[in-house]
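Quick caveat: nothing in here was measured; it's all calculated off a predicted structure. Whatever order the structure lists ligands and atoms in, that order sets their numbers, starting from 1. When reading the values below, keep in mind they use all heavy atoms of this one structure, side chains included, and skip hydrogens, waters and symmetry mates.
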Amino acid sequence: MMAGKPDILDLTLEEIEQVAERSGQPAYRAKQIVKWLHKGVGHFDEMTDLPQSFRHSLYEQFRIGKIQILEKHRSKTGYATKYLFLLSDHNIIECVVIRYRYGNTLCLSTQVGCRMGCKFCASTIDGLVRSLSMGEMLGQVIEVNRDLEEAGERGIGHLVLMGSGEPLDNYKNTVEFMKMVHIPMGINMSCRNITLSTCGLVPRMIDLANEGLSVTLSVSLHAPNDKLRKLIMPVASAYSVADVINASRYYFENTGRRITFEYTLIKDFNDRKEHAEELAELIGGFPSHVNIIPVNEIEGLGFRRSPEKVIHRFIQVLESRGVVVTRRRELGFDIEGACGQLRRSFCSGQKKQHYER
Ligand code: SF4
């Protein structure tokens, strides 16, 4: 992280209120500040409805930590755009905008790299570098919103915490971020329009259920039993499938939000009819749906995509047992759309050195 003044984007609303109070300003100044920050201003002088002396005092105490768009890649279909961002310590993260009929969704990163070790994922190959601050998560939304606005496009209407990193492994910053984007004067994102994806950190899933945030929880299951799951997800050695399902049920009971179970379909591994039957058996009893994701064939990881007829059979078996199934749209193949791929190819090339100079 850059030394020097703290980044005001890392402060919660309550903390900004305390800053205002210390300067003899009313608490509502905090919401004015959040409004400007979330609009993407780069300097306190642009906060024109604050008294000049207060703007100066903010400048003396804080910086506005901007993250910088390094590269932008739009898919041939036009549905997805991937952004690479440079952080203040020269680390690089990525996020992707997906254009749906109902609006634009931003899939953002919560960590630089990841330590969860899922075998099918490019983000984890070099392990965890560090967790992102709340300000760096906000920065992704702010900068992409600004970029979309400049292009005359709609802003971000949905957030998906499904880029690089395990959000619940960066629990405090992630929860504060979700509270911050919810503030009406700022980004003003409804909790219902936020989806958090976890590989199944059971104690943190329980904590999140108790937060009173009704965000959608998306649980990466990827296998219908412990034996298979342990082969592709190290987290399965800490928490059994039964524990993950129980925590998911608890989340539903506390929030009323239907759970999404993510299931990456891998050829000759977890794509058999018996696996679909076992999965259907496992997840009954509370509202949920299964999202089928044909695996991304990432070089060096060795997983193959199931043939179309096998994918269809798997979905049919689930549906015949009353499971609600969706299939993830694949929009980003030509821009290395899978989690962590673009950052990896960027960092392994020469270009990163240029930005480190
Ligand atoms: S799938 Fe998610 S939790 Fe698993 S290694 Fe990749 S980023 Fe981490």
Is any NZ, NE, NH1 or NH2 atom of the basic residue among Glu143 and Arg146 found under 4.0 Å from an Asp or Glu carboxylate oxygen of the other?
yes

Going by the atom numbers of ligand 1, which of them fall below 4.0 Å from some non-hydrogen atom of Met116?
3 (S), 8 (Fe)

Would you tell me whether Tyr250 and Asn210 have side-chain atoms, one donor and one acceptor, within less than 3.5 Å of each other?
yes

Can you name the atoms of ligand 1, numbered from 1 with element, that are less than 4.0 Å from a heavy atom of Cys114?
3 (S), 5 (S), 7 (S), 8 (Fe)

List every atom of ligand 1 that sits less than 4.0 Å from any heavy atom of Thr124, numbering the atoms from 1 in the order shown and giving each element.
5 (S)

Take Tyr100 and His158 through the ring pair (Phe, Tyr, Trp, His ring centres under 6.0 Å) test and state the conclusion after the steps.
CA-CA 10 Å; Tyr100 293 107; His158 292 76; 8.1 Å; no

Between the side chains of Glu150 and Lys72, is the shortest nitrogen-to-carboxylate-oxygen separation below 4.0 Å, so that they form an ion pair?
no

Could you see which bit of Cys118 sits under 4.0 Å from ligand 1, with heavy atoms only: side chain, backbone, both or neither?
both

Students often mix this up, so state it plainly: with edges at 30° and 60°, are the rings of Tyr83 and Phe85 parallel, tilted or perpendicular?
parallel

For atom 1 (S) of ligand 1, state which one of Gly127, Ala122, Ser164, Cys121 supplies the nearest heavy atom.
Cys121

